[in-house]
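Have a look at the structure below, then the notes.
Letters go in sequence order (proteins before strands), and every chain restarts at 1.
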Amino acid sequence: MSRRWPRVSRNEGIAAAIGLLALIACLLLGLHAPREVLLSYLFAWLFWLAPALGSVGLLMIHALTGGDWGLAMRPALFAASRRLLLMALLLLPVLVGVAVLFPWAGAQAAADPGLDAQRWWLNAPFFVVRAVIVFGLWLWLARGMRRRLATPAAGRFAAAGLVLYALTVSVAAIDWVVSLVPRWHSTVFGILLGTAQLLSAAALAVWLSVSGRDPASGWWTPRRLNDLGSILMVLVLAWGYLAFMDYLTVWIADLPSETVWYLPRVKTGWRWLGAFLLLFHLALPFAVLLSRQAKQRVAWLAGLALWLFLAQIGYVAWLVLPGLREHALAWSDPLALIGIGGLWWLGFGAQRRAALEVQA
Amino acid sequence: MSAPREQGWLARFDDANALLLAVRELRALGYTQLEAYAPYPVEGLAEALGPVRNRIPLLVLLGGLFGGFGTLWLEWYASVVDYPIDVGGRPDASWPAFVPAALEMTILFAALFGIAGMLFANGLPRLNHPLFGVPRFDAASRDGFFVWLRADDPRFDVHQSHADLARLAPLAIDEVGP
(Lines give C-alpha, C1' and ligand atoms only; values in the text may rest on other atoms or scores of the structure.)
Protein backbone atom coordinates (compact mmCIF):
# COMPACT_ATOMS: atom_id res chain seq x y z
CA MET A 1 0.00 0.00 0.00
CA SER A 2 1.34 3.42 -0.92
CA ARG A 3 2.49 5.80 1.76
CA ARG A 4 1.83 8.91 -0.26
CA TRP A 5 -0.51 11.50 1.14
CA PRO A 6 -4.00 10.77 -0.12
CA ARG A 7 -5.44 12.96 -2.84
CA VAL A 8 -8.01 15.37 -1.52
CA SER A 9 -11.11 16.02 -3.56
CA ARG A 10 -12.58 19.49 -3.97
CA ASN A 11 -15.56 18.76 -1.71
CA GLU A 12 -13.31 17.39 1.00
CA GLY A 13 -11.18 20.50 0.79
CA ILE A 14 -14.23 22.73 1.20
CA ALA A 15 -15.47 20.58 4.11
CA ALA A 16 -12.10 20.81 5.82
CA ALA A 17 -11.98 24.60 5.36
CA ILE A 18 -15.46 24.95 6.87
CA GLY A 19 -14.40 22.60 9.64
CA LEU A 20 -11.37 24.71 10.44
CA LEU A 21 -13.51 27.86 10.54
CA ALA A 22 -15.96 26.12 12.88
CA LEU A 23 -13.13 25.04 15.17
CA ILE A 24 -11.78 28.58 15.23
CA ALA A 25 -15.27 29.79 16.17
CA CYS A 26 -15.26 27.16 18.94
CA LEU A 27 -11.94 28.50 20.16
CA LEU A 28 -13.31 32.05 20.27
CA LEU A 29 -16.41 30.89 22.17
CA GLY A 30 -14.11 28.94 24.43
CA LEU A 31 -12.38 32.12 25.59
CA HIS A 32 -15.64 33.10 27.30
CA ALA A 33 -16.93 29.75 28.50
CA PRO A 34 -14.08 27.23 28.37
CA ARG A 35 -15.85 24.44 30.25
CA GLU A 36 -19.04 24.53 28.14
CA VAL A 37 -17.11 24.57 24.90
CA LEU A 38 -14.73 21.82 25.96
CA LEU A 39 -17.73 19.69 26.82
CA SER A 40 -19.17 20.29 23.34
CA TYR A 41 -15.79 19.45 21.89
CA LEU A 42 -15.55 16.20 23.85
CA PHE A 43 -19.06 15.26 22.69
CA ALA A 44 -18.27 15.98 19.03
CA TRP A 45 -14.92 14.27 19.28
CA LEU A 46 -16.47 11.10 20.77
CA PHE A 47 -19.07 11.07 17.99
CA TRP A 48 -16.42 11.17 15.26
CA LEU A 49 -14.11 8.79 17.10
CA ALA A 50 -16.80 6.09 16.93
CA PRO A 51 -16.70 5.32 13.17
CA ALA A 52 -12.88 5.39 13.14
CA LEU A 53 -12.40 3.11 16.13
CA GLY A 54 -15.43 0.92 15.47
CA SER A 55 -14.08 0.22 11.98
CA VAL A 56 -11.00 -1.39 13.52
CA GLY A 57 -13.26 -3.55 15.67
CA LEU A 58 -15.38 -4.59 12.69
CA LEU A 59 -12.28 -5.44 10.62
CA MET A 60 -11.07 -7.68 13.44
CA ILE A 61 -14.46 -9.33 13.89
CA HIS A 62 -14.62 -10.00 10.16
CA ALA A 63 -11.11 -11.49 10.16
CA LEU A 64 -12.43 -14.05 12.66
CA THR A 65 -15.85 -14.77 11.17
CA GLY A 66 -15.42 -14.17 7.43
CA GLY A 67 -18.42 -13.51 5.23
CA ASP A 68 -19.45 -11.33 2.33
CA TRP A 69 -20.66 -8.52 4.59
CA GLY A 70 -17.12 -7.70 5.64
CA LEU A 71 -15.75 -7.74 2.11
CA ALA A 72 -18.55 -5.43 1.06
CA MET A 73 -17.78 -2.91 3.78
CA ARG A 74 -14.01 -3.29 3.78
CA PRO A 75 -13.03 -0.28 1.63
CA ALA A 76 -15.12 2.06 3.77
CA LEU A 77 -13.86 0.45 7.00
CA PHE A 78 -10.28 0.74 5.77
CA ALA A 79 -10.61 4.42 5.02
CA ALA A 80 -12.47 5.10 8.29
CA SER A 81 -9.83 3.29 10.35
CA ARG A 82 -7.24 5.66 8.86
CA ARG A 83 -8.92 8.55 10.73
CA LEU A 84 -7.51 7.30 14.06
CA LEU A 85 -4.34 9.35 13.86
CA LEU A 86 -6.36 12.49 13.21
CA MET A 87 -8.63 11.67 16.15
CA ALA A 88 -5.56 11.18 18.36
CA LEU A 89 -4.28 14.63 17.40
CA LEU A 90 -7.72 16.17 17.94
CA LEU A 91 -7.77 14.82 21.51
CA LEU A 92 -5.12 17.42 22.39
CA PRO A 93 -7.58 20.18 23.46
CA VAL A 94 -9.19 17.73 25.91
CA LEU A 95 -5.79 16.79 27.35
CA VAL A 96 -4.81 20.43 27.66
CA GLY A 97 -8.13 21.36 29.24
CA VAL A 98 -8.37 18.37 31.55
CA ALA A 99 -8.43 20.51 34.70
CA VAL A 100 -11.25 22.64 33.29
CA LEU A 101 -13.39 19.84 31.93
CA PHE A 102 -13.16 16.99 34.42
CA PRO A 103 -14.50 17.52 37.93
CA TRP A 104 -11.93 15.17 39.51
CA ALA A 105 -9.11 17.39 38.23
CA GLY A 106 -10.70 20.64 39.49
CA ALA A 107 -9.92 22.56 42.64
CA GLN A 108 -13.14 21.45 44.38
CA ALA A 109 -12.29 17.79 44.06
CA ALA A 110 -8.81 18.32 45.43
CA ALA A 111 -10.32 19.31 48.76
CA ASP A 112 -12.78 16.39 48.85
CA PRO A 113 -11.42 13.56 51.05
CA GLY A 114 -14.16 11.25 49.69
CA LEU A 115 -12.33 11.12 46.37
CA ASP A 116 -8.92 10.24 47.81
CA ALA A 117 -9.32 6.55 47.04
CA GLN A 118 -9.56 7.10 43.29
CA ARG A 119 -6.82 9.68 42.97
CA TRP A 120 -4.12 7.16 42.06
CA TRP A 121 -6.04 6.51 38.82
CA LEU A 122 -7.77 9.82 38.17
CA ASN A 123 -4.98 12.36 38.07
CA ALA A 124 -3.98 14.56 35.16
CA PRO A 125 -0.52 13.09 34.34
CA PHE A 126 -1.73 9.49 34.41
CA PHE A 127 -4.80 10.52 32.38
CA VAL A 128 -2.55 11.83 29.60
CA VAL A 129 -0.32 8.74 29.78
CA ARG A 130 -3.35 6.49 29.46
CA ALA A 131 -4.64 8.43 26.47
CA VAL A 132 -1.27 8.08 24.75
CA ILE A 133 -1.03 4.35 25.50
CA VAL A 134 -4.61 3.66 24.42
CA PHE A 135 -4.19 5.51 21.14
CA GLY A 136 -0.82 3.89 20.56
CA LEU A 137 -2.42 0.47 20.90
CA TRP A 138 -5.36 1.39 18.66
CA LEU A 139 -3.11 2.76 15.93
CA TRP A 140 -0.97 -0.37 16.15
CA LEU A 141 -4.08 -2.58 15.94
CA ALA A 142 -5.49 -0.65 12.97
CA ARG A 143 -2.22 -0.76 11.08
CA GLY A 144 -1.61 -4.43 11.90
CA MET A 145 -5.12 -5.36 10.83
CA ARG A 146 -4.89 -3.47 7.52
CA ARG A 147 -1.60 -5.19 6.72
CA ARG A 148 -2.55 -8.70 7.71
CA LEU A 149 -6.08 -8.86 6.33
CA ALA A 150 -5.42 -11.19 3.42
CA THR A 151 -2.84 -13.32 5.23
CA PRO A 152 -3.30 -16.46 7.36
CA ALA A 153 -2.02 -14.57 10.41
CA ALA A 154 -5.11 -12.31 10.36
CA GLY A 155 -7.19 -14.65 12.54
CA ARG A 156 -4.68 -14.89 15.38
CA PHE A 157 -3.94 -11.19 15.30
CA ALA A 158 -7.65 -10.35 15.33
CA ALA A 159 -8.42 -12.73 18.22
CA ALA A 160 -5.76 -11.20 20.45
CA GLY A 161 -6.59 -7.74 19.09
CA LEU A 162 -10.26 -7.98 20.05
CA VAL A 163 -9.36 -8.80 23.66
CA LEU A 164 -7.04 -5.80 23.73
CA TYR A 165 -9.72 -3.73 21.99
CA ALA A 166 -12.39 -4.53 24.60
CA LEU A 167 -10.01 -3.67 27.45
CA THR A 168 -8.75 -0.41 25.94
CA VAL A 169 -12.24 0.75 24.99
CA SER A 170 -13.28 0.20 28.62
CA VAL A 171 -10.34 2.25 29.87
CA ALA A 172 -11.15 5.00 27.38
CA ALA A 173 -14.86 4.97 28.23
CA ILE A 174 -14.15 5.30 31.94
CA ASP A 175 -11.60 8.07 31.39
CA TRP A 176 -13.49 10.18 28.88
CA VAL A 177 -17.14 9.66 29.81
CA VAL A 178 -17.65 7.99 33.20
CA SER A 179 -15.18 10.23 35.02
CA LEU A 180 -17.24 13.28 34.02
CA VAL A 181 -19.66 12.37 36.81
CA PRO A 182 -17.96 12.12 40.21
CA ARG A 183 -18.68 9.02 42.29
CA TRP A 184 -20.52 7.30 39.45
CA HIS A 185 -19.51 3.84 38.33
CA SER A 186 -20.91 1.39 35.83
CA THR A 187 -19.49 -2.01 34.96
CA VAL A 188 -21.18 -2.28 31.57
CA PHE A 189 -20.24 1.13 30.25
CA GLY A 190 -17.08 0.19 28.38
CA ILE A 191 -18.81 -2.56 26.42
CA LEU A 192 -21.83 -0.33 25.85
CA LEU A 193 -19.71 2.44 24.35
CA GLY A 194 -17.75 -0.11 22.31
CA THR A 195 -20.97 -1.56 20.88
CA ALA A 196 -22.27 1.90 20.04
CA GLN A 197 -19.00 2.57 18.21
CA LEU A 198 -19.31 -0.65 16.23
CA LEU A 199 -22.86 0.36 15.32
CA SER A 200 -21.76 3.81 14.23
CA ALA A 201 -18.93 2.40 12.12
CA ALA A 202 -21.15 -0.26 10.53
CA ALA A 203 -23.90 2.24 9.76
CA LEU A 204 -21.51 4.66 8.09
CA ALA A 205 -19.79 1.88 6.13
CA VAL A 206 -23.09 0.39 4.96
CA TRP A 207 -24.37 3.77 3.86
CA LEU A 208 -21.16 4.56 1.96
CA SER A 209 -20.88 1.12 0.38
CA VAL A 210 -24.49 0.75 -0.68
CA SER A 211 -25.39 4.22 -1.88
CA GLY A 212 -25.56 4.58 -5.62
CA ARG A 213 -22.41 6.62 -6.15
CA ASP A 214 -20.27 3.63 -5.34
CA PRO A 215 -18.42 2.22 -8.37
CA ALA A 216 -19.09 -1.31 -7.10
CA SER A 217 -22.85 -0.82 -6.84
CA GLY A 218 -23.49 -3.47 -9.51
CA TRP A 219 -22.12 -6.02 -7.09
CA TRP A 220 -25.12 -5.72 -4.77
CA THR A 221 -27.34 -8.78 -4.88
CA PRO A 222 -30.42 -8.95 -2.63
CA ARG A 223 -28.66 -11.56 -0.53
CA ARG A 224 -25.65 -9.36 0.18
CA LEU A 225 -27.90 -6.42 1.00
CA ASN A 226 -29.80 -8.72 3.33
CA ASP A 227 -26.55 -9.63 5.12
CA LEU A 228 -25.68 -5.98 5.66
CA GLY A 229 -29.15 -5.32 7.02
CA SER A 230 -28.75 -8.24 9.41
CA ILE A 231 -25.41 -6.89 10.66
CA LEU A 232 -27.08 -3.56 11.42
CA MET A 233 -29.93 -5.41 13.13
CA VAL A 234 -27.52 -7.36 15.35
CA LEU A 235 -25.69 -4.20 16.38
CA VAL A 236 -28.89 -2.24 17.03
CA LEU A 237 -30.18 -5.08 19.22
CA ALA A 238 -26.88 -5.54 21.06
CA TRP A 239 -26.66 -1.83 21.75
CA GLY A 240 -30.32 -1.60 22.83
CA TYR A 241 -30.00 -4.67 25.03
CA LEU A 242 -26.89 -3.42 26.84
CA ALA A 243 -28.31 0.08 27.30
CA PHE A 244 -31.56 -1.29 28.69
CA MET A 245 -29.82 -3.81 30.96
CA ASP A 246 -27.73 -1.01 32.43
CA TYR A 247 -30.86 1.02 33.10
CA LEU A 248 -32.74 -1.99 34.49
CA THR A 249 -30.05 -2.96 37.00
CA VAL A 250 -29.68 0.65 38.13
CA TRP A 251 -33.44 1.02 38.44
CA ILE A 252 -33.78 -2.17 40.51
CA ALA A 253 -30.78 -1.61 42.79
CA ASP A 254 -31.60 2.10 43.26
CA LEU A 255 -28.17 2.93 44.72
CA PRO A 256 -26.93 6.54 44.80
CA SER A 257 -23.59 5.67 43.19
CA GLU A 258 -25.44 4.42 40.11
CA THR A 259 -28.55 6.59 39.91
CA VAL A 260 -26.43 9.76 40.01
CA TRP A 261 -25.90 9.32 36.28
CA TYR A 262 -29.54 8.65 35.39
CA LEU A 263 -31.16 11.36 37.51
CA PRO A 264 -30.32 14.31 35.23
CA ARG A 265 -31.26 12.13 32.26
CA VAL A 266 -34.70 10.92 33.30
CA LYS A 267 -35.82 13.67 35.69
CA THR A 268 -35.22 16.67 33.42
CA GLY A 269 -36.06 17.63 29.86
CA TRP A 270 -33.33 15.25 28.68
CA ARG A 271 -35.87 12.45 29.13
CA TRP A 272 -37.28 13.42 25.75
CA LEU A 273 -33.94 12.63 24.20
CA GLY A 274 -34.16 9.23 25.92
CA ALA A 275 -37.62 8.68 24.52
CA PHE A 276 -36.42 9.75 21.08
CA LEU A 277 -33.54 7.25 21.22
CA LEU A 278 -35.84 4.47 22.36
CA LEU A 279 -38.33 5.11 19.57
CA PHE A 280 -36.15 6.16 16.66
CA HIS A 281 -32.80 4.61 17.41
CA LEU A 282 -34.11 1.25 18.60
CA ALA A 283 -37.78 0.60 17.78
CA LEU A 284 -37.96 2.15 14.31
CA PRO A 285 -34.72 0.61 12.92
CA PHE A 286 -35.72 -2.72 14.50
CA ALA A 287 -39.12 -2.63 12.79
CA VAL A 288 -37.66 -1.65 9.41
CA LEU A 289 -34.90 -4.26 9.59
CA LEU A 290 -37.41 -6.99 10.40
CA SER A 291 -38.73 -6.69 6.87
CA ARG A 292 -36.79 -8.58 4.26
CA GLN A 293 -38.15 -6.35 1.49
CA ALA A 294 -36.76 -3.25 3.22
CA LYS A 295 -33.37 -4.86 3.84
CA GLN A 296 -33.00 -5.93 0.21
CA ARG A 297 -33.79 -2.52 -1.25
CA VAL A 298 -30.78 -0.28 -1.71
CA ALA A 299 -32.63 2.96 -0.98
CA TRP A 300 -34.18 1.68 2.25
CA LEU A 301 -31.00 0.09 3.55
CA ALA A 302 -28.83 3.11 2.71
CA GLY A 303 -31.37 5.50 4.24
CA LEU A 304 -31.66 3.47 7.41
CA ALA A 305 -27.87 3.16 7.75
CA LEU A 306 -27.46 6.92 7.38
CA TRP A 307 -30.23 7.45 9.90
CA LEU A 308 -28.55 5.15 12.44
CA PHE A 309 -25.26 6.97 11.97
CA LEU A 310 -26.87 10.37 12.52
CA ALA A 311 -28.94 9.11 15.46
CA GLN A 312 -25.66 8.32 17.19
CA ILE A 313 -25.26 12.08 17.60
CA GLY A 314 -28.25 11.88 19.92
CA TYR A 315 -26.83 8.90 21.77
CA VAL A 316 -23.39 10.45 22.33
CA ALA A 317 -25.13 13.63 23.53
CA TRP A 318 -27.13 11.47 25.94
CA LEU A 319 -23.92 9.95 27.26
CA VAL A 320 -21.97 13.15 27.71
CA LEU A 321 -24.03 16.28 28.04
CA PRO A 322 -26.93 16.01 30.55
CA GLY A 323 -26.48 17.59 33.92
CA LEU A 324 -23.07 19.10 33.27
CA ARG A 325 -24.04 22.62 32.25
CA GLU A 326 -26.81 25.11 32.81
CA HIS A 327 -28.26 25.14 29.33
CA ALA A 328 -29.00 21.84 27.66
CA LEU A 329 -27.53 22.81 24.30
CA ALA A 330 -24.92 25.33 23.29
CA TRP A 331 -23.88 26.92 20.01
CA SER A 332 -20.58 25.19 20.38
CA ASP A 333 -22.24 21.75 19.98
CA PRO A 334 -23.00 22.03 16.25
CA LEU A 335 -19.83 24.04 15.67
CA ALA A 336 -17.65 21.33 17.21
CA LEU A 337 -19.53 18.58 15.32
CA ILE A 338 -19.05 20.40 12.02
CA GLY A 339 -15.48 21.32 12.88
CA ILE A 340 -14.21 17.83 13.64
CA GLY A 341 -16.47 16.31 10.98
CA GLY A 342 -15.09 18.60 8.28
CA LEU A 343 -11.55 17.51 9.01
CA TRP A 344 -12.63 13.87 9.35
CA TRP A 345 -13.40 13.46 5.64
CA LEU A 346 -10.07 14.83 4.43
CA GLY A 347 -8.70 12.29 1.95
CA PHE A 348 -11.43 9.74 2.71
CA GLY A 349 -12.61 9.26 -0.87
CA ALA A 350 -9.13 8.61 -2.26
CA GLN A 351 -8.30 6.16 0.53
CA ARG A 352 -11.52 4.27 -0.04
CA ARG A 353 -10.91 4.07 -3.78
CA ALA A 354 -7.39 2.80 -3.12
CA ALA A 355 -8.81 0.05 -0.90
CA LEU A 356 -11.38 -0.80 -3.60
CA GLU A 357 -8.64 -1.21 -6.20
CA VAL A 358 -6.60 -3.48 -3.95
CA GLN A 359 -9.65 -5.65 -3.46
CA ALA A 360 -10.48 -5.78 -7.19
CA MET B 1 -61.97 -38.47 -5.27
CA SER B 2 -59.32 -36.05 -4.00
CA ALA B 3 -59.08 -32.32 -4.71
CA PRO B 4 -57.18 -31.05 -7.81
CA ARG B 5 -54.34 -29.93 -5.58
CA GLU B 6 -53.70 -33.57 -4.79
CA GLN B 7 -53.79 -34.77 -8.39
CA GLY B 8 -51.62 -34.37 -11.47
CA TRP B 9 -48.67 -35.98 -13.21
CA LEU B 10 -45.56 -37.25 -11.48
CA ALA B 11 -42.45 -37.57 -13.66
CA ARG B 12 -39.28 -39.36 -12.59
CA PHE B 13 -35.88 -38.19 -13.79
CA ASP B 14 -32.45 -39.70 -13.98
CA ASP B 15 -30.44 -37.38 -11.77
CA ALA B 16 -30.38 -34.01 -10.06
CA ASN B 17 -29.31 -32.15 -13.19
CA ALA B 18 -32.14 -33.56 -15.28
CA LEU B 19 -34.55 -32.63 -12.49
CA LEU B 20 -33.24 -29.09 -12.32
CA LEU B 21 -33.45 -28.67 -16.09
CA ALA B 22 -36.97 -30.09 -16.16
CA VAL B 23 -38.13 -27.72 -13.43
CA ARG B 24 -36.66 -24.75 -15.31
CA GLU B 25 -38.31 -25.86 -18.56
CA LEU B 26 -41.68 -26.25 -16.88
CA ARG B 27 -41.37 -22.85 -15.20
CA ALA B 28 -40.52 -21.37 -18.58
CA LEU B 29 -43.72 -22.93 -19.96
CA GLY B 30 -45.67 -21.03 -17.32
CA TYR B 31 -46.36 -23.73 -14.72
CA THR B 32 -46.33 -22.44 -11.16
CA GLN B 33 -47.74 -25.26 -8.99
CA LEU B 34 -44.68 -27.49 -9.15
CA GLU B 35 -43.34 -29.79 -6.51
CA ALA B 36 -39.99 -31.55 -6.65
CA TYR B 37 -38.67 -34.51 -4.65
CA ALA B 38 -35.05 -35.58 -4.42
CA PRO B 39 -33.10 -37.82 -2.02
CA TYR B 40 -30.77 -34.97 -1.06
CA PRO B 41 -30.84 -31.15 -1.22
CA VAL B 42 -30.23 -30.05 -4.81
CA GLU B 43 -28.52 -26.68 -5.06
CA GLY B 44 -30.58 -24.16 -7.01
CA LEU B 45 -33.74 -26.27 -6.96
CA ALA B 46 -35.57 -24.11 -4.45
CA GLU B 47 -34.84 -20.99 -6.53
CA ALA B 48 -35.82 -22.79 -9.75
CA LEU B 49 -39.19 -23.75 -8.27
CA GLY B 50 -39.98 -20.07 -7.97
CA PRO B 51 -40.67 -17.65 -5.16
CA VAL B 52 -42.73 -18.99 -2.31
CA ARG B 53 -45.10 -16.54 -0.72
CA ASN B 54 -46.70 -17.71 2.47
CA ARG B 55 -48.11 -16.25 5.62
CA ILE B 56 -45.61 -17.74 8.07
CA PRO B 57 -43.72 -14.43 8.60
CA LEU B 58 -46.99 -12.71 9.45
CA LEU B 59 -47.85 -15.52 11.84
CA VAL B 60 -44.45 -15.24 13.53
CA LEU B 61 -44.97 -11.50 13.95
CA LEU B 62 -48.42 -12.01 15.44
CA GLY B 63 -47.07 -14.71 17.76
CA GLY B 64 -44.32 -12.37 18.96
CA LEU B 65 -46.74 -9.51 19.58
CA PHE B 66 -49.16 -11.82 21.37
CA GLY B 67 -46.41 -13.29 23.56
CA GLY B 68 -44.87 -9.92 24.38
CA PHE B 69 -47.95 -7.87 25.11
CA GLY B 70 -49.69 -10.85 26.69
CA THR B 71 -46.83 -11.25 29.15
CA LEU B 72 -46.77 -7.53 29.92
CA TRP B 73 -50.50 -7.70 30.63
CA LEU B 74 -50.10 -10.83 32.76
CA GLU B 75 -47.32 -9.23 34.83
CA TRP B 76 -49.34 -6.08 35.28
CA TYR B 77 -52.47 -8.02 36.24
CA ALA B 78 -50.61 -10.24 38.71
CA SER B 79 -48.70 -7.47 40.46
CA VAL B 80 -51.21 -4.61 40.34
CA VAL B 81 -54.70 -6.15 40.38
CA ASP B 82 -54.48 -9.67 41.68
CA TYR B 83 -51.71 -9.71 44.27
CA PRO B 84 -49.94 -6.39 44.88
CA ILE B 85 -46.85 -6.63 47.08
CA ASP B 86 -44.69 -3.73 48.22
CA VAL B 87 -41.11 -4.62 47.24
CA GLY B 88 -38.71 -2.07 48.69
CA GLY B 89 -41.13 0.76 48.01
CA ARG B 90 -41.13 0.27 44.26
CA PRO B 91 -44.33 0.84 42.31
CA ASP B 92 -46.58 -2.17 41.78
CA ALA B 93 -46.35 -1.72 38.04
CA SER B 94 -42.57 -2.04 37.72
CA TRP B 95 -42.40 -1.70 33.96
CA PRO B 96 -38.61 -1.89 33.57
CA ALA B 97 -38.59 -5.17 35.47
CA PHE B 98 -41.45 -6.51 33.32
CA VAL B 99 -39.51 -6.15 30.10
CA PRO B 100 -37.04 -9.09 30.26
CA ALA B 101 -39.77 -11.69 30.79
CA ALA B 102 -41.87 -10.10 28.04
CA LEU B 103 -38.88 -10.23 25.69
CA GLU B 104 -38.32 -13.94 26.33
CA MET B 105 -42.00 -14.71 25.82
CA THR B 106 -41.98 -12.69 22.59
CA ILE B 107 -39.28 -14.96 21.21
CA LEU B 108 -40.91 -18.14 22.54
CA PHE B 109 -44.33 -17.34 21.09
CA ALA B 110 -42.90 -16.18 17.78
CA ALA B 111 -41.09 -19.52 17.44
CA LEU B 112 -44.09 -21.58 18.58
CA PHE B 113 -46.48 -19.79 16.21
CA GLY B 114 -43.99 -20.22 13.38
CA ILE B 115 -43.52 -23.94 13.92
CA ALA B 116 -47.20 -24.68 14.55
CA GLY B 117 -48.15 -22.54 11.55
CA MET B 118 -45.62 -24.31 9.33
CA LEU B 119 -46.94 -27.73 10.31
CA PHE B 120 -50.52 -26.61 9.80
CA ALA B 121 -49.77 -24.97 6.44
CA ASN B 122 -48.08 -28.19 5.31
CA GLY B 123 -51.37 -30.01 5.91
CA LEU B 124 -50.07 -31.96 8.91
CA PRO B 125 -51.04 -34.01 10.73
CA ARG B 126 -52.23 -36.46 8.06
CA LEU B 127 -51.68 -40.16 7.62
CA ASN B 128 -51.56 -40.58 3.86
CA HIS B 129 -51.21 -38.67 0.61
CA PRO B 130 -52.13 -39.68 -2.96
CA LEU B 131 -48.42 -39.41 -3.89
CA PHE B 132 -47.73 -42.54 -1.87
CA GLY B 133 -50.11 -44.40 -4.13
CA VAL B 134 -47.74 -43.94 -7.06
CA PRO B 135 -45.61 -47.05 -7.58
CA ARG B 136 -41.93 -46.57 -6.83
CA PHE B 137 -42.42 -43.07 -5.35
CA ASP B 138 -40.53 -44.42 -2.33
CA ALA B 139 -37.40 -44.09 -4.50
CA ALA B 140 -37.54 -40.34 -3.73
CA SER B 141 -35.63 -41.16 -0.54
CA ARG B 142 -33.02 -43.30 -2.39
CA ASP B 143 -32.23 -42.50 -6.01
CA GLY B 144 -35.40 -41.06 -7.56
CA PHE B 145 -35.75 -37.45 -8.71
CA PHE B 146 -39.40 -36.49 -9.18
CA VAL B 147 -41.37 -33.52 -10.46
CA TRP B 148 -45.05 -33.35 -9.65
CA LEU B 149 -47.21 -31.14 -11.87
CA ARG B 150 -50.21 -30.35 -9.72
CA ALA B 151 -53.65 -30.37 -11.27
CA ASP B 152 -54.61 -27.09 -9.60
CA ASP B 153 -52.08 -25.24 -11.76
CA PRO B 154 -53.92 -22.72 -13.97
CA ARG B 155 -52.00 -24.06 -16.96
CA PHE B 156 -52.74 -27.68 -16.16
CA ASP B 157 -54.46 -29.74 -18.85
CA VAL B 158 -54.50 -33.51 -18.59
CA HIS B 159 -53.28 -34.17 -22.14
CA GLN B 160 -51.20 -31.07 -22.83
CA SER B 161 -49.33 -31.34 -19.52
CA HIS B 162 -48.61 -35.02 -20.11
CA ALA B 163 -47.14 -34.08 -23.50
CA ASP B 164 -45.10 -31.25 -21.93
CA LEU B 165 -43.63 -33.69 -19.44
CA ALA B 166 -42.99 -36.36 -22.05
CA ARG B 167 -40.91 -33.93 -24.10
CA LEU B 168 -38.49 -33.62 -21.17
CA ALA B 169 -37.60 -37.32 -21.57
CA PRO B 170 -38.39 -38.56 -18.07
CA LEU B 171 -37.86 -42.17 -16.99
CA ALA B 172 -41.54 -42.54 -16.21
CA ILE B 173 -44.75 -40.54 -15.92
CA ASP B 174 -47.39 -41.62 -13.44
CA GLU B 175 -50.78 -40.30 -12.55
CA VAL B 176 -51.22 -38.92 -9.04
CA GLY B 177 -54.59 -39.31 -7.39
CA PRO B 178 -57.47 -41.52 -8.42
Side-chain angles (χ1 to χ4, degrees), chain A residues 68 186 188 192 221-227 229-230 233-234 236-259 261-263 265-267 271 274-275 277-279 281-297 300 318, chain B residues 41 43-69 71-72 75-76 78-80 84-115 117-118 121:
Chain A
D68 268 358
S186 161
V188 79
L192 181 54
T221 59
R223 196 164 157 186
R224 286 190 173 125
L225 290 172
N226 203 70
D227 282 355
S230 302
M233 179 71 138
V234 166
V236 165
L237 284 180
W239 165 80
Y241 174 83
L242 287 171
F244 174 74
M245 277 302 152
D246 185 55
Y247 177 72
L248 177 66
T249 45
V250 168
W251 186 88
I252 284 190
D254 206 13
L255 296 170
S257 64
E258 293 172 349
T259 52
W261 192 71
Y262 277 107
L263 286 176
R265 284 167 179 76
V266 296
K267 292 291 177 194
R271 74 170 74 120
L277 290 172
L278 191 64
L279 285 177
H281 198 351
L282 180 62
L284 176 80
F286 175 76
V288 172
L289 288 170
L290 267 187
S291 154
R292 201 179 300 166
Q293 280 98 325
K295 269 193 285 192
Q296 295 182 352
R297 237 167 251 159
W300 277 81
W318 168 263
Chain B
E43 191 159 351
L45 185 58
E47 288 77 22
L49 282 168
V52 180
R53 299 284 302 171
N54 59 43
R55 298 203 186 86
I56 299 292
L58 182 67
L59 208 58
V60 170
L61 179 68
L62 288 178
L65 290 175
F66 173 72
F69 285 105
T71 306
L72 282 180
E75 287 174 294
W76 172 82
S79 48
V80 175
I85 305 176
D86 188 331
V87 182
R90 291 187 188 80
D92 286 338
S94 296
W95 292 109
F98 289 173
V99 170
L103 183 70
E104 303 296 334
M105 295 297 268
T106 305
I107 297 165
L108 176 68
F109 271 77
L112 284 180
F113 271 50
I115 290 172
M118 181 269 289

Please confirm whether the backbone N or O of A:Arg271 pairs with a side-chain atom of A:Arg265, one donor and one acceptor, at under 3.5 Å? no
Just to be sure I understand the criterion: a residue of residues 87-95 of chain B counts if one of its heavy atoms is under 4.5 Å from a heavy atom of chain A. Which ones qualify? B:Arg90, B:Pro91, B:Ser94
Decide whether A:Asp246 and A:Tyr262 meet the rule of one side-chain donor and one side-chain acceptor closer than 3.5 Å. yes
A:Leu279 versus A:Leu284: any side-chain heavy-atom pair under 4.5 Å? no
Kindly indicate, with the supporting measurements, whether the criterion side-chain contact (heavy atoms from CB on, under 4.5 Å) is fulfilled by B:Leu65 and B:Phe69. CA-CA 6 Å; B:Leu65 290 175; B:Phe69 285 105; 3.9 Å; yes
Using a cut-off of 6.0 Å, state whether more than 12 heavy atoms not belonging to A:Phe244 lie near its atom CZ. yes
Would you say CH2 of A:Trp251 has more than 12 non-hydrogen atoms from neighbouring residues, nucleotides or ligands within 6.0 angstrom? yes
